[in-house]
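In what follows, a single structure is set out as structure tokens and then discussed.
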Amino acid sequence: MNLVKANKESITKASQIIKTGGLVAFPTETVYGLGADALNPLAVAKIFEVKKRPSFNPLIIHIAEKDWLNEFTIYNDERINLIIDKFWPGPLTLVLEKKNSVPNIVTSGNPTVAVRMPNHPVALELIKQSETPIAAPSANKFGHLSPTTAKHVHKYLGEKVDLILDGGKSDVGVESTIVHYDNGNFYLLRFGGVTKEELEEV
Ligand code: AMP
Ligand code: MG
């Protein structure tokens, strides 16, 4: 059985799976994610395979600390830091110019990468222990409903995932808001857990 309660032991086991190129489903505050080492192209390829996700649909990478952002993206605008300070950890994804450290399979060949810091203790601990950003779309087959429980993940993806960490029900239940920063301008790409009004305030 690949479904286990998230605790110190199982999170450490999950981080070993991530480090060795496997797939781990884990809870975030939005929905359950299907995660792999974002810096390992073969591991990321498994996400696309299991989800039957088209390869032109880029992934969000999840980080555990705000300053990891500088390792993977390039930007020079104080407003980005204001947004991060206000909304991270939380359901806000930033699309920024990527560094070469991010494999092309993650971004579907785009020169930009989507990054977020989830507000969930299990997700944060898993990413920290894995010592790498985790690429993770929702843990469902392409075109199906996003899962908010571990059981739901198990029902639809079953044994195709190496380990499913059960951390209870995701409480936002809606996807992250996505903001694309390009050349001094901000573009709202997807409505989600953070509202347009909250963003405009910052
Ligand atoms: P999800 O399907 O919830 O994992 O969210 C991934 C979504 O983030 C994609 O479908 C895109 O809409 C968006 N996204 C991810 N990376 C990028 C990127 N580099 N540029 C623009 N949008 C992106
Ligand atoms: Mg999804």
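When a ligand or atom number is given, it counts from 1 through the structure's own listing order.
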Parallel, tilted or perpendicular, as decided by the 30° and 60° cut-offs, for the rings of Y187 and H180: tilted
Heavy-atom closest pair, residues F72 and V113: O-CG1, 3.9 Å
T30 versus T28, side-chain donor and acceptor atoms under 3.5 Å: yes
Separation of Q129 CD from I127 CD1 (nearest 0.5 Å): 11.5 Å
Qualifying residue, where the test is side-chain contact (heavy atoms from CB on, under 4.5 Å) with S138 and the options are K51, R53, H144: K51
Proximal atoms of ligand 1 relative to L189 (non-hydrogen, under 4.0 Å): 21 (C), 22 (N)
Nearest-neighbour protein heavy atom for atom 14 (N) of ligand 1, which is reported as residue plus atom name and distance: P58 CG, 3.8 Å
Min heavy-atom dist K98 to ligand 1 below 4.0 Å: no
Contact atoms of ligand 1, heavy-atom distance to P137 under 4.0 Å: 4 (O)
Identity and separation of the nearest protein heavy atom to atom 3 (O) of ligand 1: R190 NH1, 3.0 Å
Short N-O contact, K66 and D85, less than 4.0 angstrom: yes
Under 3.5 Å donor-acceptor, K5 side chain and L165 backbone: no
Geometric class of the H62/F26 ring pair [parallel <30°, tilted 30-60°, perpendicular >60°]: perpendicular
Atom indices of ligand 1 within 4.0 angstrom of I178 heavy atoms, with elements: 7 (C), 8 (O), 13 (C)
Short N/O/S contact of N140 with the Mg ion (ligand 2) (below 2.8 Å): no
Atom indices of ligand 1, in the order listed, that fall short of 4.0 Å to a heavy atom of N57: 9 (C), 10 (O)
Atoms of ligand 1, numbered as shown, that sit under 4.0 Å from any heavy atom of T112: 18 (C), 19 (N), 20 (N)
E175 to ligand 1, any heavy atom closer than 4.0 Å: yes
Any N or O of N110 closer than 3.5 Å to N or O of ligand 1: no
N or O pair under 3.5 Å between T107 and ligand 1: no
Ligand 1-proximal atoms of R116, by part, heavy-atom distance under 4.0 Å: neither
In one Ile/Leu/Val/Met/Phe/Trp/Tyr side-chain cluster, 4.5 Å: I178, F87: no
